[in-house]
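This structure is a prediction, so every number in the text was calculated from the model and none was measured. Lettering of chains follows the sequences in order, A, B, ..., and the numbering in each one begins at 1.
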Amino acid sequence: MKFKKPRGTQDLLGKYMEKWRSVEEHVTRILQRYGYREIRTPIFEMSGLFVRTVGESSDIVTKEMYTFNDKKGRKLTLRPENTAPVMRAYLENGLQRQGGISRFYYMGPMFRYDRPQAGRYRQFHQIGAEAIGLSNPAIDAEIINLSLDIYKEFGFSSLQVNLNSVGCMKCRGEFMILLGEKLTEYKSELCDDCLQRAEINPFRVFDCKTCINVKKKLPIITDYLCGECSEHFEKLCAILGGMNVNYLLDPLLVRGLDYYTKTAYEIIHPELGAQNALCGGGRYDGLAGELGGASIPAVGFSAGMERLMQILPDELEEKEVGRPDLYFIVFDDECSIQAMILADKLRSADFEVYVDLSMRNIKKQLKSASVREYDYVVFIGQKEIEDKEVTLKNLKSGNQATVSFEKLVSYFSEKGVTGIE
RNA sequence: GUGGACGUAGUUCAGUUGGUAGAGCCCUGGAUUGUGGAUCCAGCUGUCGCGGGUUCAAUUCCCGUCGUCCACCCCA
């Protein structure tokens with residue numbers, strides 16, 4: 001083969017694709033249940049949208065964006081995240097004029113040029129939700145609860161939630177100055193990476209795993225929140241407590257995107273290896289303003305689809321079985337024509353019908369039907385054509401029956417999902 | 001971007017102390033001519049990731065490159 005898929009991308013097919021679809025359906029139901037509605041924004045946007053909002057100094061912007069020029073020289077970027085695009089769409093479509101609060105969800109591919117690793121891809125998929133237009137911490141709690149519900153749906157009831165408040169532009173700005181001063185003070189004790197971080201984004205020093213001793217001596221954001229921010233944070237904690245949501249306060253939690261204000265949180269799965277964040281989110285009250293709109297409060301989260309898939313068993317338990325599915329076995333061209341006519345009628349009645357056109361011997365066809373786990377096999381041979389009836393076989397029980405061509409559809413409708421026993 | 005392990009049939013892997021390769025599964029056909037996941041028999045498939053070097057000879061050694069996985073980093 002001459003071509004391979006680009007590094008860090010995946011082909012989704014077979015059982016994995018089935019599972020993927022099923023997960024998407026489950027998750028969609030939960031999001032809808034909370035009153036969130038789907039939004040689809042373009043896969044690429046003007047580069048400035050991300051540079052401006054995610055942050056010029058952020059890793060995403062400095063080294064991870066897939067940016068290109070189109071034929072008119074416009075600078076475009078494959079979306080590395082979807083919060084900024086959703087906010088852009090919100091403002092561009094004038095939704096703030098509708099007043100109240102807008103709740104969106106999305107699912108789709110994101111692109112980040114990063115070294116592939118377990119649970120990390122260059123094209124990866126996020127499920128996310130954004131609640132725009134409300135500053136009340138109750139909506140922060142709703143977002144956190146909603147994201148947790150996604151995992152609960154699949155049986156994960158006690159995942160670790162790390163919570164923090166990173167303050168607003170005002171109090172974080174003041175804190176940053178203080179932090180910067182402290183970092184200069186401890187300069188000699190910092191690792192090379194942190195010396196850089198101290199210059200570019202002092203907040204990131206908290207992420208360092210080697211400078212543990214210095215971190216202990218550094219001031220903590222939550223001690224320096226302004227009145228509004230600390231009140232917001234306390235209320236949020238109280239609401240979460242009241243809702244029986246378990247969380248861990250992590251004053252060192254910092255998100256990698258610059259637009260976050262106040263609430264920041266993430267959901268961790270301890271057994272996932274280095275890439276253990278299932279979901280991350282928070283409040284981004286400054287984002288709309290950054291895009292040139294009015295100041296609009298908002299919260300959201302995004303969850304990694306691949307990581308959710310990773311923690312789920314290969315076989316998701318099947319929900320209620322719908323109509324039985326059928327596998328047609330035919331022996332020659334005349335039979336196959338008749339089979340396709342009947343298959344069409346069944347499909348119109350919403351049955352899944354597979355017509356085996358291989359003309360292989362009956363054993364092979366039957367085996368194939370078994371492997372594919374069809375409920376029924378329908379034989380059409382010369383005998384059936386002459387009598388204008390099919391031989392029907394239940395693959396689970398092995399029992400057979402004869403049903404005339406005209407009555408095939410109604411046969412199943414009348415017998416319900418079980419058919420012959 | 002840094003470090004480590006690995007890269008052989010569709011797939012999982014074995015192998016050659018350097019002489020161009022093999023096993024299970026899968027697939028195809030058959031074992032009384034129209035009835036299945038078992039058994040048995042037969043068969044198919046590979047530029048041994050790609051490029052270069054050393055050598056009479058490389059899939060086996062060396063270098064580079066691409067890719068996969070793991071960690072750093074970052075994050076979903």
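Atom C1' of B/U60 sits at a distance of 26 Å from the matching atom of B/G3, rounded to the whole Å. Here, B/U47 and B/G22 have their P atoms 16 Å apart, quoted to the whole Å. Spacing between B/G43 and B/C48 at atom C1', rounded to whole Å, works out to 23 Å. Rounded to a whole angstrom, the distance from the P atom of B/C75 to that of B/U54 is 48 Å. Distance noted for atom C1' between B/U12 and B/C66: 23 Å (whole Å). Atom name C1', nucleotides B/A23 and B/U16: the rounded distance is 15 Å, in whole Å. One P atom belongs to B/G29, the other to B/U65, and the distance between them is 47 Å to the nearest Å. Only the C1' atoms considered, B/A21 is 9 Å distant from B/U8, to the nearest whole Å.
A salt bridge is defined here as a Lys NZ or Arg NE, NH1 or NH2 lying under 4.0 Å from an Asp or Glu carboxylate O, and A/Arg52 with A/Glu290 meets this definition. Contact check on A/Glu174 versus A/Lys170 returns no salt bridge, with no Lys/Arg side-chain nitrogen under 4.0 Å from an Asp/Glu carboxylate oxygen. Between A/Asp114 and A/Arg112 no salt bridge is recorded (no basic side-chain N to carboxylate O distance below 4.0 Å). We find that A/Lys217 and A/Glu185 are not joined by a salt bridge, their nearest charged nitrogen and carboxylate oxygen being 4.0 Å or further apart.
Ring to ring, A/Tyr259 and A/Tyr284 are close: their centroids are under 6.0 angstrom apart. The distance between the ring centers of A/Phe412 and A/Tyr376 falls below 6.0 angstrom.
Atom P of nucleotide B/U68 and atom CD of A/Gln10 are separated by 10 Å, given to the nearest angstrom. Atom CG in A/Asp114 sits roughly 13 Å away from atom P in B/U2 (whole-Å rounding). Spacing between atom CG of A/Asp356 and atom P of B/U28 amounts to 10 Å, rounded to whole angstrom units. The distance between atom CG of A/Asn276 and atom C1' of B/C73, rounded to the nearest whole Å, is 14 Å. Nucleotide B/A76 holds its C1' atom 12 Å from the OH atom of A/Tyr265, rounded to whole Å. Atom P of nucleotide B/C73 and atom CD of A/Gln117 are separated by 10 Å, given to the nearest angstrom. Between A/Leu312 atom CG and B/A76 atom P there is a gap of 20 Å when expressed in whole angstrom units. Following rounding to the nearest Å, A/Arg120 (CZ) and B/A71 (P) show an atom-to-atom distance of 10 Å.
In this structure, A/Ala277 and A/Arg307 approach most closely via the heavy-atom pair O-NH1, 2.8 Å.
With pairs defined as Watson-Crick or G-U wobble and both atom distances under 3.5 Å, the stems of at least three pairs that touch RNA chain B come out as B:1-7 with B:66-72, B:10-13 with B:22-25, B:27-31 with B:39-43, B:49-53 with B:61-65.
Of the possible donor and acceptor atoms, one in the side chain of A/Thr53 sits under 3.5 Å from a partner among the backbone N and O of A/Leu49. A donor-acceptor contact shorter than 3.5 Å is absent between the side chain of A/Thr77 and the backbone of A/Arg79. At least one donor-acceptor pair closer than 3.5 Å links the side chain of A/Asn93 to the backbone N or O of A/Ala89.
For A/Tyr113, counting side-chain heavy atoms from C-beta on, the closest listed nucleotide (B/C70, B/A76, B/G1) is B/G1. For A/Asp59, taking side-chain heavy atoms from C-beta onward, the closest of the listed nucleotides B/A76, B/C69, B/C74 is B/C74.
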Atom pairs under 3.5 Å, N or O on each side, protein against nucleotides 65-67 of chain B: can you list them with distances?
none

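The residue among A/Gly304 and A/Ala274 whose nearest nucleotide of RNA chain B lies closer to the 5′ end is A/Ala274. In this structure, A/Ala118 and A/Ala303 both approach RNA chain B, and ranking their closest nucleotides by distance from the 5' end singles out A/Ala118.
Among residues at least two apart or in separate chains, there is no ring pair (Phe, Tyr, Trp, His ring centres under 6.0 Å) pair with a member in residues 388-409 of chain A.
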Quiz prompt | Per-nucleotide protein contact string for nucleotides 31-43 of chain B (B base, S sugar-phosphate only, - none; heavy atom under 4.0 Å) | solution = ---BBBB------
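For A/Arg172, the side chain to side chain donor-acceptor pair (under 3.5 Å) test picks out no residue, with sequence neighbours left out. Legend: residues meeting ring-ring contact (aromatic ring centres under 6.0 Å, His included) with A/Tyr66, ordered by chain and number and at least two apart, are A/Tyr113.
As judged by a 4.0 angstrom heavy-atom cut-off over every strand, A/Gly128 is placed among residues making no nucleic acid contact.
Within the 4.0 Å cut-off from OP1 or OP2 of B/C75, not a single side-chain nitrogen or oxygen of A/Arg112 is found. Between A/Gln275 and the phosphate of B/C74, there is no side-chain N or O to OP1/OP2 separation shorter than 4.0 Å.
Between the base of B/U2 and the side chain of A/Arg115 there is a donor-acceptor pair shorter than 3.5 Å.
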